[in-house]
Amino acid sequence: MARIVMKFGGTSMAGIERIRHVASLVRREVERGNQVAVVVSAMAGETDRLVHLCREAASLYDPREYDVVVASGEQVTSGLLAITLQGMGLNARSYMGWQLPILASGHAAALIEGIDVDVLERVFEGGGIAVIPGFQGVTAEGELATLGRGGSDTSAVALAAAMNADRCDIYTDVDGVYTTDPRIVPKARKLDLVTYEEMLELASVGAKVLQTRSVGLAMRYGMPLQVLSSFEDRPGTLIVGDDALEESPMERNVITGIAHEKNEAMVTLTGLPDSPGTVANIFAPLAAANINVDMIVQSVPRRGEESVLTFTVPRASLAHSVAELEKVKAAVGFDEVVTNTEVVKVSAVGVGMRSNAGIAAQMFQTLAERGINILAITTSEIKVSVLLPEEYTELAVRVLHTAYGLDAEDSE
Ligand code: ADP
Ligand code: ASP
Ligand code: MG
């Protein structure tokens, strides 16, 4: 007997027909003798709809009330799945975040502080199935809280860790983690194994198949994760520690995958004085305003000349960033703030980069051959990222995928 968490995303829960199919997958695990907790997302498109309603009601809405609105989508699907499972003669019940409770702090992007598993233990003792809405928790003050977009993945992994599960299965609308988004590159190849570290990097640079925080949690607890399709019955992708990879007989590519992120905006400050403290005085107010700065490039001035500083911020924080920068313009002494939202960050990720030189050079060469101009670059031990004009998104991802030898063998 195993103890498992099964998580179903929005497309898998989009309508009663799909929910019936999900229920049959849950029944199969229960019939194998497993103890099962199910975490569900809202129906596809529902959270977007609820977010828009909040924006329509007021452009600067209260995050506490936003949580009250957007948490409702998962309440509906968890109740519907419990009803469907009961209709199949199974002993299932839904438990909202506040009923367990799943304790969280903050609003709109709340952090999970802890999960009480007493209720779940009693459900399992009685041979029952627990259905739990993803994405939501409750604050110490008893208020509803949500975990940020894509947060049901994090709910599932946190629950799996709290209940000492043997594994956490993430059912979605693709049958695993691919070398890049298969909806953009049809030649993308499914990966059998990905390490936590690679998945963490891929998710953080835009592979939205898993929320980044869920991968961080799985890595911390050594929780085996599996990404698989709720539509097709075939093996998915296992996300595991480095040690499991070393035992694998498969030879691996230097690059594991390519991801892209359109949610970035570029900010350029011109005419910066060439003096110590200038950059500190620019980033301090952004940090104080909780704005995450990502890529940073500064031109090196010749002695006595002015320099230019370029960096990226999340698109949603651009207006706020410009407002903060305008406040310090006179004190810092730069000329102008120029912004550009038509950019995309494209990244190549792979643990093999540690032992292979020339990965970044290959990226620059491949993009140069297509006449694609690079606006900014950052690297880490297992990742190279470039900022490009947004219009080249698909082309850049496609040519890099081919250049790094990632295209599926049977594709032309
Ligand atoms: P869910 O609603 O099940 O949580 P998401 O839409 O959040 O599903 O995530 C699944 C989607 O992630 C896929 O439909 C796919 O387009 C996208 N995706 C992006 N990068 C990758 C990748 N490397 N491998 C697989 N899917 C990816
Ligand atoms: N429904 C939420 C969202 O769309 C959470 C999730 O599906 O993971 O962001
Ligand atoms: Mg998701």
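The shown structure was predicted, so the numbers you read here are calculated from the model rather than taken from an experiment. Each ligand, and each atom within it, is numbered from 1 in the order the structure gives.
Heavy atoms from other residues, nucleotides or ligands lying under 6.0 Å from CZ of R370 number 12 at most.
Listed by atom number, the atoms of ligand 1 under 4.0 Å from V177 heavy atoms are 24 (N). Heavy-atom proximity to A207, at under 4.0 Å, picks out these atoms of ligand 1: 20 (N). Near G176, with a cut-off below 4.0 Å to any heavy atom, the atoms of ligand 1 are 24 (N), 25 (C). Close approach to V174 involves these atoms of ligand 1, each under 4.0 Å from a residue heavy atom: 13 (C), 14 (O), 25 (C), 26 (N).
Annotation: the span from H260 atom NE2 to L400 atom CG amounts to 12.5 Å, rounded to 0.5 Å.
Q362 places no side-chain N or O within donor-acceptor distance of the main-chain N or O of I359, the cut-off being under 3.5 Å. With hydrogens and angles disregarded, a donor-acceptor distance shorter than 3.5 Å links the side chain of K329 to the backbone of D335. Side-chain atoms of R18 come within 3.5 Å of backbone N or O of T11 as a donor-acceptor pair. Checking side-chain atoms of T77 against main-chain N and O of S41 turns up a donor-acceptor pair under 3.5 Å. Side-chain N or O atoms of D116 include one that pairs as donor or acceptor with a backbone N or O of D118 at under 3.5 Å.
For K208, heavy-atom contacts with ligand 1 shorter than 4.0 Å involve the backbone as well as the side chain. At a heavy-atom distance under 4.0 Å, only side-chain atoms of K7, from C-beta outward, approach ligand 1. Counting heavy atoms closer than 4.0 Å to ligand 1, residue T179 contributes nothing at all. Contacts between A44 and ligand 1 below 4.0 angstrom, taking non-hydrogen atoms only, are absent altogether.
When each of T195, V215, V349 is paired with L200, the side-chain contact (heavy atoms from CB on, under 4.5 Å) condition holds for V215 and for no other. Under the salt bridge (charged side-chain N to carboxylate O under 4.0 Å, His left out) rule, D153 has a single partner from K208, R213, K7, which is K7.
Taking the charged nitrogens against the carboxylate oxygens, E264 and R315 have no contact shorter than 4.0 Å, which rules out a salt bridge. Taking the charged nitrogens against the carboxylate oxygens, R3 and D166 have no contact shorter than 4.0 Å, which rules out a salt bridge. In summary, E29 and R167 engage in a salt bridge, as defined by a charged side-chain N under 4.0 Å from a carboxylate O.
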In a simple table, one pair per line, please give the protein and ligand 2 atom names for every N or O pair closer than 3.5 Å, along with the distance.
| from | atom 1 | to | atom 2 | distance (Å) |
| --- | --- | --- | --- | --- |
| ligand 2 | 1 (N) | T47 | OG1 | 2.7 |
| ligand 2 | 1 (N) | E74 | OE2 | 2.7 |
| ligand 2 | 4 (O) | T47 | OG1 | 3.4 |
| ligand 2 | 4 (O) | R149 | NH2 | 2.9 |
| ligand 2 | 7 (O) | S41 | OG | 2.9 |
| ligand 2 | 8 (O) | G150 | O | 3.4 |
| ligand 2 | 8 (O) | G151 | N | 3.4 |
| ligand 2 | 8 (O) | S152 | N | 3.0 |
| ligand 2 | 8 (O) | S152 | OG | 3.2 |
| ligand 2 | 9 (O) | R149 | NE | 2.7 |
| ligand 2 | 9 (O) | R149 | NH2 | 3.4 |
| ligand 2 | 9 (O) | G150 | N | 2.8 |

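Nearest protein heavy-atom contact of atom 23 (N) of ligand 1 is Y178 O, 3.0 Å. Of all protein heavy atoms, the one lying nearest to atom 8 (O) of ligand 1 is T172 OG1, 3.1 Å.
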What do the steps show when you test F311 against F283 for ring pair (Phe, Tyr, Trp, His ring centres under 6.0 Å), and what is the final call? CA-CA 10 Å; F311 55 90; F283 289 127; 5.0 Å; yes

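Distances between N or O atoms of D181 and those of ligand 1 include at least one value under 3.5 Å. Residue contacts with ligand 1: G10 is placed with a nitrogen or oxygen under 3.5 Å of a nitrogen or oxygen of the ligand (distance criterion only). In terms of polar-atom proximity, defined here as any N/O pair under 3.5 Å, T11 makes no such contact with ligand 1.
If you check each of T256, V209, D173, I170 against atom 13 (C) of ligand 1, the one with the closest non-hydrogen atom is D173.
Not a single heavy atom of A259 sits less than 4.0 Å from an atom of ligand 1. Heavy-atom distances between P182 and ligand 1 reach below 4.0 Å in at least one pair.
Looking only at atom types and distance, the side chain of S299 has no donor-acceptor partner in the side chain of S307 under 3.5 Å away.
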